[in-house]
Asks: 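Can you keep this structure in mind? I'll have questions shortly.
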Amino acid sequence: MCGIVGYIGDKPVLPLLINGLKRLEYRGYDSAGVAMIDQDKIWYKKRKGKIAELEVEINGFDLTSSVGLGHTRWATHGEPSEKNAHPHFDTEHKIALVHNGIIENYAQLKETLKAEGHVFASDTDSEVLVHLIAMCYDGDMAFSIRKALQLVRGTFGILVLSTHEPDKLFAARRGSPLVIGIGENETLVASDGSALVEHTRDVIYLEDNEMAVVNKHGAKVRTLQDTKVEKAVEKLPYDLVHLQKGGYPHFMLKEIFEQPETVWDSMRGRLLVEEGNAKLGGLQSCIDRMIHSSRLILTACGTSWHAALIGEYLIEKFAKIPVEVEYASEFRYRDPIISRVDTVLAITQSGETADTLAAVREAKQKGALALGMCNVVGSTIARETHAGVYLHAGPEIGVASTKAFTSQVATLALIALALGRMNQLSAEEGREIAQALKQLPDQIRQILEQASHIEKIAAKFMHHNHALYLGRGFNYPVALEGALKMKEISYIHAEGYPAAEMKHGPIALIDDQMPVIFIAVKDSVYEKVISNIEEVKARGGWVIAVVSEGDKACAKLCDEVIEIPYTIQSLMPVLTVIPFQLLAYYTAVMKGCDVDQPRNLAKSVTVE
Ligand code: F6R
């Protein structure tokens with residue numbers, strides 16, 4: 001949510017900032033701005049809309065400055081507009097600031113500052129920060145920033161530049177990530193590594209309540225209480241090629257097509273096919289505590305929450321440990337009953353989702369074992385949990401999550417298998433599951449070969465305004481995920497339900513204008529789903545179904561079918577979701593939607 005980038009070195013900063021902002025644009029894209037020191041003054045440009053519009057605006061400016069910062073915004077306080085775009089400035093225009101996060105007490109602070117003569121130019125909460133720093137300024141920028149931040153309630157990742165100390169940048173965080181890239185005679189700061197990787201892979205992650213004073217030779221980090229902190233330089237786990245479209249028209253399509261490899265990357269070295277078991281290095285130290293937990297609580301948001309629902313079915317089936325699934329946003333505020341005998345597993349692609357992070361902190365506070373399942377290496381949740389497991393799916397840039405979901409389900413299956421083998425699952429059952437897991441990448445490949453068939457279905461689907469997605473058992477969460485994918489990128493209203501729930505209400509919606517999308521694969525609930533399809537057909541609904549390879553009987557009943565290969569019932573979601581990702585993708589493209597950056601959304605929801 002919002003992207004920050006800053007640079008200090010020897011190169012002209014403007015093109016570097018624009019390039020960095022483009023890499024971060026997936027985090028927020030309603031307005032953008034840059035500021036830099038130019039001849040003892042702060043030069044800036046802001047623009048409503050995408051980075052490309054800002055780029056047009058600055059075209060022709062040939063500035064030699066080599067220190068600056070930029071921001072791409074996802075609006076929280078104040079509409080998307082030029083005045084609300086970052087950077088923000090103090091009244092004397094000597095300090096520029098960009099901010100990610102939310103300042104909760106901004107209204108009171110703003111009143112106080114106004115009374116002291118500070119003039120505000122925007123409706124944002126962020127602007128109070130720069131005025132506070134100016135108010136606290138006493139000749140030492142680092143001191144003033146620390147002092148100002150003591151007055152603030154809320155979350156922030158900030159980057160500041162000032163004509164008072166023009167050869168430095170100042171970065172501080174509480175709740176919103178910042179990472180510092182250490183190059184040769186150049187230092188960069190960004191809200192995620194994707195803006196750094198083409199310059200350096202050597203990075204320092206700032207922790208909460210830390211502040212860095214940055215110059216072109218590196219960064220000095222102290223706490224906001226002014227205690228020195230020694231930071232380790234770590235390596236970013238990917239390079240530039242992972243951040244490019246690789247010949248695909250959109251990141252989302254690239255990421256859908258990467259899934260045979262990314263699902264395997266999540267299992268590589270962990271799946272023990274011969275033994276019928278799994279070994280997850282990151283969880284090894286706490287697997288005994290997990291198995292003896294009174295229950296596992298899986299907590300997450302959005303697509304990751306759908307993966308958690310499948311995780312519940314998997315762990316209960318294989319390991320016979322009671323599992324509960326909670327929206328992180330509910331978990332954090334409803335004062336849940338958790339104790340030392342519980343394990344809480346937070347599932348999050350970004351590792352930065354504010355609600356999921358708060359749920360982790362709540363679980364730790366109450367003594368539970370707090371585990372993380374993240375994709376982004378070094379992310380806040382990965383670092384704050386007691387232990388965890390990475391997805392190894394590589395950077396996911398498309399705002400709609402695809403490859404992270406299938407990797408989450410595959411990794412949850414590995415956890416369920418490992419726990420199951422310590423509990424009641426026989427070696428033979430373990431081997432059957434492991435064999436099925438091993439086949440998933442090839443089976444995904446087989447489904448991807450039907451992309452053009454699915455594209456043709458999308459050409460008919462795109463004319464509808466509503467859709468119902470129905471599935472049962474392990475495929476019920478896939479129905480939810482299919483509907484979410486469709487609505488977030490094509491803006492077609494879609495709802496997912498357990499198929500049997502249809503007759504308790506949604507059936508009222510069905511007429512010949514209503515597409516109903518079923519998952520009707522050959523599993524233990526197949527017959528029941530077929531009855532549900534009959535009920536829809538009897539009311540004139542247009543039925544698209546994901547069916548098992550060669551199921552002619554079901555095909556006869558439906559208007560459109562997409563066939564998928566056979567796997568065991570518990571792993572079906574990894575396959576059944578693929579047609580839904582493609583259907584959403586092609587529908588959105590045909591409708592002319594911005595697939596990688598859908599309206600109002602942002603990757604990584606770091607505010608509540
Ligand atoms: C949907 C989507 C979101 C995220 C949700 C949680 O396509 O991407 O629903 O799944 O915001 O994000 P993470 O997994 O980063 O915690």
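Counting starts at 1 for both ligands and their atoms, in listed order.
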Asks: Give me the nearest non-hydrogen protein atom to atom 11 (O) of ligand 1 as residue plus atom name, then the distance to 0.1 Å.
Replies: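 Scanning the protein heavy atoms, the shortest distance from atom 11 (O) of ligand 1 goes to V605 CG2, 3.9 Å.
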Asks: Students should be able to answer this: which protein heavy-atom is nearest to atom 5 (C) of ligand 1, and at what distance?
Replies: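 I find the closest protein heavy atom is C301 O, 3.7 Å.
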Asks: Between the side chain of H464 and the main-chain N/O of P515, is any donor-acceptor distance below 3.5 Å?
Replies: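 Such a contact is absent between H464 side chain and P515 backbone.
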Asks: Please name the residue in the list T402, I447, I489 that meets the side chain to side chain contact (heavy atoms under 4.5 Å, CB included) test with Q581.
Replies: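 By the side chain to side chain contact (heavy atoms under 4.5 Å, CB included) criterion, Q581 pairs with just one of T402, I447, I489: T402.
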Asks: Pull out every atom of ligand 1 sitting under 4.0 Å from any heavy atom of E488, numbered as shown with elements.
Replies: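 This gives 1 (C), 7 (O) as the contact atoms.
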Asks: What protein heavy atom sits nearest atom 4 (C) of ligand 1, and how far off is it?
Replies: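 Here the nearest protein heavy atom works out to T303 N, 4.0 Å.
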Asks: For the pair R23 and E198, find out whether any cationic side-chain nitrogen is under 4.0 Å from an anionic carboxylate oxygen.
Replies: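 Counted as a salt bridge, because a side-chain N and a carboxylate O are separated by less than 4.0 Å.
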Asks: Answer with yes or no whether V376 contacts ligand 1, where contact means a heavy atom under 4.0 Å from a ligand atom.
Replies: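 Under 4.0 Å: no for V376.
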Asks: Does D265 pair with R270 as a salt bridge, N-O distance under 4.0 Å?
Replies: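 Between R270 and D265 there is no salt bridge, as every charged N stays at least 4.0 Å from the carboxylate O atoms.
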Asks: Only one of T262, L412, N375, V574 clears side chain to side chain contact (heavy atoms under 4.5 Å, CB included) with S407; which?
Replies: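 Result for side chain to side chain contact (heavy atoms under 4.5 Å, CB included) with S407: T262.
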Asks: Which of the atoms in ligand 1, numbered in the order shown and given with their element, are less than 4.0 Å from a heavy-atom of V399?
Replies: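 Every atom of ligand 1 under 4.0 Å from some heavy atom of V399: 8 (O).
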Asks: How far apart are the closest heavy atoms of A195 and A190, and which atoms are they?
Replies: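 A195 and A190 have their closest heavy atoms at CB-CB, 3.8 Å.
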Asks: Do you know which two heavy atoms are closest between A212 and I180, and how far apart they sit?
Replies: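 Scanning both residues completely, I find the closest heavy atoms to be CB-CD1, 3.5 Å.
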Asks: Would you kindly specify which portion of T353 sits under 4.0 Å from ligand 1, judged on non-hydrogen atoms: side chain, backbone, both or neither?
Replies: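 It is the side chain that touches ligand 1; the backbone stays farther off.
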Asks: Pairs of nitrogen or oxygen atoms closer than 3.5 Å, one from Q408 and one from ligand 1: do any exist?
Replies: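 No.
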Asks: Should you measure from each heavy atom of S350, which atoms of ligand 1 turn up under 4.0 Å away?
Replies: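 Taking each heavy atom of S350 in turn, ligand 1 has 13 (P), 15 (O), 16 (O) under 4.0 Å.
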Asks: Compute both the distance and the angle, then confirm whether K485 meets the cation-pi test with F580: under 6.0 Å from the six-membered ring centre, within 45 degrees of the axis.
Replies: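 Verdict for F580: no cation-pi partner in K485.
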Asks: For A400, counting its heavy atoms only, list the atoms of ligand 1 lying under 4.0 Å from any of them.
Replies: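 Every atom of ligand 1 under 4.0 Å from some heavy atom of A400: 7 (O).
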Asks: Within a distance under 4.0 Å of any heavy atom of K485, pick out the atoms of ligand 1 and give their elements.
Replies: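 Numbered from 1, ligand 1 contributes 1 (C), 7 (O).
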Asks: Taking only non-hydrogen atoms of E352, do any sit less than 4.0 angstrom from ligand 1?
Replies: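 Checking ligand 1 against E352, which is what was asked, there is no heavy-atom contact under 4.0 Å.
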Asks: Can you tell whether the side chains of D594 and R599 come within less than 4.0 Å, N to carboxylate O?
Replies: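 Not counted as a salt bridge, because no side-chain N and carboxylate O are separated by less than 4.0 Å.
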Asks: Which atoms from ligand 1 have a heavy atom of S304 less than 4.0 Å away?
Replies: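 Going through ligand 1 atom by atom, the ones under 4.0 Å from S304 are 10 (O), 13 (P), 14 (O).
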